[in-house]
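Since the model is a prediction, treat every value here as computed from it, not as a measurement. We count ligands from 1, going down the list as the structure has it; atoms in each ligand are counted the same way.
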Amino acid sequence: MQIIRTIEEMQRLARGLGRKGTVGLVPTMGALHEGHLSLVRRARSECDAVVATIFVNPLQFGANEDLDKYPRTFESDCEQLEREQVDLLFAPAPEEMYRSGATTIVDVGAIGTRLDGASRPGHFVGVATVVAKLFHIAMPDRAYFGQKDAAQLAVIRQMARDLNFPLEVVACPIVRDEDGLALSSRNRYLSREARGAALILPRTLVALAEKIRGGIRDSGVLKDSQMRLLEGARDFELDYLAIVDPDTLLPVAEALPGTLIAIAGTVGGTRLIDNFIVG
Ligand code: PAF
């Protein structure tokens, strides 16, 4: 696996790969776990060449968020990507990605202010800007993202559509630990107690899935059935429980097949998210 640090070299190599076959891109911020590796494996199975990126994007972190303490595990990330037979790893410095004097941003509009965009103002401008840049730099035919970040996925799809990127955005299923907690780089911040408290996220989703299977479809009734538990939970602060259209992120009156049910909250100072699509 070759490690590339500059945009110019990455674009030169990406052009070469694109002439030979299909290119799959797996953008990450590092601190890799099985969720990321599932994206890499999917890309490996569907594309002739795989490009992964590791870049902790300052533009998508708010002023009081965890940019400085975001986990950085570059060497073990490289070993894992090497094992998965990634061809190229693009890992630029912040000064390379955002050259001095750069002022252009990508704003997807209202969709970027919903769900996580409501509680993290500016977050999705940062995500859309860096992902648009990565698309221009790696020129993939397919780009792989985790379904765990459901709002991010909707924003990236909107951006790719609106800006006519000639590529397919591929969503990959959430990978969970044995206890049901969705894998996240931020799980490593959790103390043992906080990890226990975090299980309220998947458990709420399981309870809602059961209710829907039992025939309850009304979004208000479904949300009300969980609110008392969520608001009374120890060591957990609910951000949102949302029943929405997965493309627009707007609320829907009924949880029908294809509806996105998403939850976010803070446990021991760590913000976690989870979701499922109604089957
Ligand atoms: O999901 C992530 O890790 C990041 O938001 C992404 C897509 C790599 C953009 O920085």
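The atoms of ligand 1 that sit less than 4.0 Å from any heavy atom of Gln152 are 1 (O), 2 (C), 4 (C), 5 (O), 7 (C). Heavy-atom proximity to Val130, at under 4.0 Å, picks out these atoms of ligand 1: 9 (C), 10 (O). Close approach of ligand 1 to Gln60 (heavy-atom distance below 4.0 Å) involves ligand atoms 4 (C), 5 (O), 9 (C), 10 (O).
Residues satisfying the ring pair (Phe, Tyr, Trp, His ring centres under 6.0 Å) criterion with Phe145, sequence neighbours excluded, are absent altogether. Annotation: ring pair (Phe, Tyr, Trp, His ring centres under 6.0 Å) contacts of Phe135 (sequence neighbours excluded): Phe165.
Between Phe61 and Tyr70, the ring center distance clears the sub-6.0 Å criterion.
Using a 4.0 Å cut-off between heavy atoms, Ile156 makes no contact with ligand 1 at all.
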Original post:
Please walk me through it: do Leu13 and Asp87 pass side-chain contact (heavy atoms from CB on, under 4.5 Å)?
Top reply: CA-CA 11 Å; Leu13 293 172; Asp87 297 287; over 6 Å; no
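Looking at atom 3 (O) of ligand 1, its nearest protein heavy atom turns out to be Met29 CG, 3.6 Å.
A distance of 7.5 Å separates CD of Glu34 from CD of Gln80, quoted to the nearest 0.5 Å.
Taking only nitrogen or oxygen atoms, main chain and side chain alike, Thr28 does not reach within less than 3.5 Å of ligand 1.
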